[in-house]
Protein chains: 2
Amino acid sequence: MTGQVHRVFHALGDPTRQAMVERLSTGPMSVSGLAEPFAMSLAAVLQHLQILEESGLVRTEKLGRVRTCRIEPAGLALAEAWFRERRALWERRLDRLGKLL
Amino acid sequence: MTGQVHRVFHALGDPTRQAMVERLSTGPMSVSGLAEPFAMSLAAVLQHLQILEESGLVRTEKLGRVRTCRIEPAGLALAEAWFRERRALWERRLDRLGKLL
DNA sequence: CCAATACTAAAGCGTTGGCTTTAGTATTGG
DNA sequence: CCAATACTAAAGCCAACGCTTTAGTATTGG
């Protein structure tokens with residue numbers, strides 16, 4: 001599952017997809033509901049959605065003719081952990097530097 | 001400075017740039033030092049570096065003929081904060097849901 | 001001084017990304 | 001039953017990416 005963090009970052013690197021994740025953070029919704037604020041075709045939204053799913057940030061489930069999209073917290077957690085690690089390394093280095101002085 | 005988070009994500013969305021940031025997390029280094037483990041031209045590394053700088057993740061400084069690259073902790077912090085916010089929203093929602101049951 | 005070092009700038013090239021349009025399929029309210 | 005709804009699949013288009021090569025400039029150890 002690790003080593004795929006850059007897929008998460010790549011997914012969030014597009015403003016539309018970032019906004020979609022922000023929107024889904026407030027609760028699940030249908031594809032057309034998710035698409036509503038965006039000035040683009042539904043097909044385009046679906047393509048973004050697919051990238052979000054492949055990155056592990058979003059999970060979707062189809063019931064009847066409606067596909068419901070929701071955040072996958074594990075995906076967010078993976079990326080958040082990466083930042084914590086970088087910061088830990090950085091701070092550890094500053095500590096060593098401090099002790100040298 | 002905010003609203004630029006997707007630039008940070010975009011910068012980290014490339015495996016080479018992600019690796020560069022990981023490398024710089026352990027300490028500053030020159031451009032050629034940074035480039036050493038990568039199987040690509042120095043020019044390519046410079047191009048990645050420029051994107052990292054524009055995203056605010058990395059700061060560089062030239063002294064003599066050597067440009068030294070170091071992490072900009074504020075850039076990492078910005079992105080980390082974004083994840084914390086999403087998680088906060090998500091958890092707040094689960095709380096409301098829990099109280100309803 | 002000058003060759004080696006350490007980058008830098010610019011052009012070009014094939015691939016991927018974000019979008020569209022068109023043409024579907026599956027589901028359901030009335 | 002059937003028209004409207006909610007997506008889905010595929011093809012095509014243009015811009016942005018990631019890389020290369022070539023040809024520089026600035027700095028410095030000896």
Participant: Once salt bridge (Lys or Arg N to Asp or Glu O under 4.0 Å) is applied, what residue pairs with a partner in residues 54-78 of chain B remain, sequence neighbours excluded?
Facilitator: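 Only B/Arg59-B/Glu72 qualify under salt bridge (Lys or Arg N to Asp or Glu O under 4.0 Å).
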Participant: Within the sub-3.5 Å range, which N or O atoms of nucleotides 15-18 of chain D have a protein N or O partner, and how far apart are they?
Facilitator:
{"from": "D/dG18", "atom 1": "OP1", "to": "B/Asp14", "atom 2": "OD1", "distance (Å)": "3.4"}
{"from": "D/dG18", "atom 1": "OP1", "to": "B/Arg17", "atom 2": "NH2", "distance (Å)": "3.4"}
{"from": "D/dG18", "atom 1": "OP2", "to": "B/Arg17", "atom 2": "NH1", "distance (Å)": "3.1"}

Participant: Would you say a side-chain N or O of B/Ser41 is under 4.0 Å from OP1 or OP2 of D/dC19?
Facilitator: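 False: B/Ser41 side-chain N/O out of range (4.0 Å or more) of D/dC19 OP1/OP2.
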Participant: Whole angstroms only, please: what is the CG-P distance between A/Leu42 and C/dC19?
Facilitator: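 For the pair A/Leu42 CG and C/dC19 P, the rounded distance is 13 Å.
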Participant: Examine D/dC7: is either OP1 or OP2 under 4.0 Å from a nitrogen or oxygen in the side chain of A/Ser32? Give yes or no.
Facilitator: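 Answer is yes, contact under 4.0 Å.
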Participant: Apply side-chain hydrogen bond (donor to acceptor under 3.5 Å, both in side chains) to A/Gln47 and list each qualifying residue two or more places apart in sequence or on a separate chain.
Facilitator: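 Here no residue qualifies.
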Participant: What residue pairs, at least two apart or across chains, pass side chain to side chain donor-acceptor pair (under 3.5 Å) with a residue in residues 88-101 of chain B?
Facilitator: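 For residues 88-101 of chain B, and leaving out neighbouring residues, there are no side chain to side chain donor-acceptor pair (under 3.5 Å) pairs at all.
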Participant: Give the rounded distance in Å between these two atoms: CD of A/Glu61 and P of D/dC7.
Facilitator: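 Rounded to the whole Å, the gap is 13 Å.
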Participant: Among residues two or more places apart or on two chains, list those pairs meeting salt bridge (Lys or Arg N to Asp or Glu O under 4.0 Å) that have a residue in residues 30-53 of chain B.
Facilitator: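 Salt bridge (Lys or Arg N to Asp or Glu O under 4.0 Å) check on residues 30-53 of chain B returns B/Arg23-B/Glu36.
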Participant: Strictly by salt bridge (Lys or Arg N to Asp or Glu O under 4.0 Å), give each pair with a member in residues 6-17 of chain B just once, sequence neighbours left out.
Facilitator: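 The answer is none; no pair qualifies.
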Participant: Whole-Å distance between C/dT8 C1' and B/Glu53 CD?
Facilitator: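 Taking CD of B/Glu53 and C1' of C/dT8, I get 13 Å after rounding.
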Participant: Enumerate the ring-ring contact (aromatic ring centres under 6.0 Å, His included) contacts for residues 61-89 of chain B, please, sequence neighbours excluded, ordered by first and then second residue.
Facilitator: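 Every pair satisfying ring-ring contact (aromatic ring centres under 6.0 Å, His included) with a residue in residues 61-89 of chain B: A/Phe83-B/Phe83, B/Phe9-B/Trp82, B/Phe9-B/Phe83.
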Participant: Below 4.5 Å, heavy atoms only, C-beta onward: do B/Thr16 and B/Met40 meet side chain to side chain?
Facilitator: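 Side-chain contact under 4.5 Å: yes.
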Participant: What is the distance, to the nearest angstrom, from the CD atom on A/Gln50 to the C1' atom on C/dT16?
Facilitator: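 About 15 Å, once rounded to whole Å.
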Participant: Between P on D/dA9 and CG on A/Leu49, what's the gap in Å once rounded to a whole number?
Facilitator: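 My rounded result for the distance is 12 Å.
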Participant: State which residues pass side-chain hydrogen bond (donor to acceptor under 3.5 Å, both in side chains) with B/Arg87; sequence neighbours excluded, sorted by chain then number.
Facilitator: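 B/Arg87 satisfies side-chain hydrogen bond (donor to acceptor under 3.5 Å, both in side chains) with A/Glu80 once adjacent residues are dropped.
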Participant: Can you list every salt bridge (Lys or Arg N to Asp or Glu O under 4.0 Å) pair that touches residues 39-49 of chain A, not counting sequence neighbours?
Facilitator: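 Found none.
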Participant: For Watson-Crick and G-U wobble pairs within 3.5 Å on both distances, what is DNA chain C written in dot-bracket notation, | included for inter-strand pairing?
Facilitator: ||||||||||||||||||||||||||||||
Participant: In whole angstrom, what separates B/Leu46's CG from C/dA10's P?
Facilitator: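 Those two atoms, CG and P, are 13 Å apart.
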Participant: Where do B/Ala79 and B/Val8 come nearest, in terms of heavy atoms and distance?
Facilitator: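 Smallest heavy-atom distance, with atoms named: CB-CG1, 3.9 Å.
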Participant: Between atom CG in B/Leu34 and atom P in C/dC7, what is the gap in whole Å?
Facilitator: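 In whole Å, C/dC7 P and B/Leu34 CG are 10 Å from each other.
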Participant: Just the table, please: protein N/O against nucleotides 22-28 of chain C N/O, every pair under 3.5 Å.
Facilitator:
{"from": "C/dT27", "atom 1": "O2", "to": "A/Arg65", "atom 2": "NH1", "distance (Å)": "3.1"}

Participant: For B/Thr68 and A/Val45, take the nucleotide of DNA chain C holding the closest heavy atom to each; which residue's nucleotide lies nearer the 5' end?
Facilitator: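 The residue closer to the strand's 5' end, by nearest nucleotide, is B/Thr68.
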Participant: Kindly state each residue pair satisfying ring-ring contact (aromatic ring centres under 6.0 Å, His included) with at least one member in residues 14-52 of chain A, sequence neighbours excluded.
Facilitator: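 For residues 14-52 of chain A, and leaving out neighbouring residues, there are no ring-ring contact (aromatic ring centres under 6.0 Å, His included) pairs at all.
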Participant: Take the protein atom CZ of B/Phe38 and the nucleotide atom C1' of D/dT20, then report the distance between them rounded to whole Å.
Facilitator: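 The distance from CZ of B/Phe38 to C1' of D/dT20 comes to 18 Å, rounded to the nearest Å.
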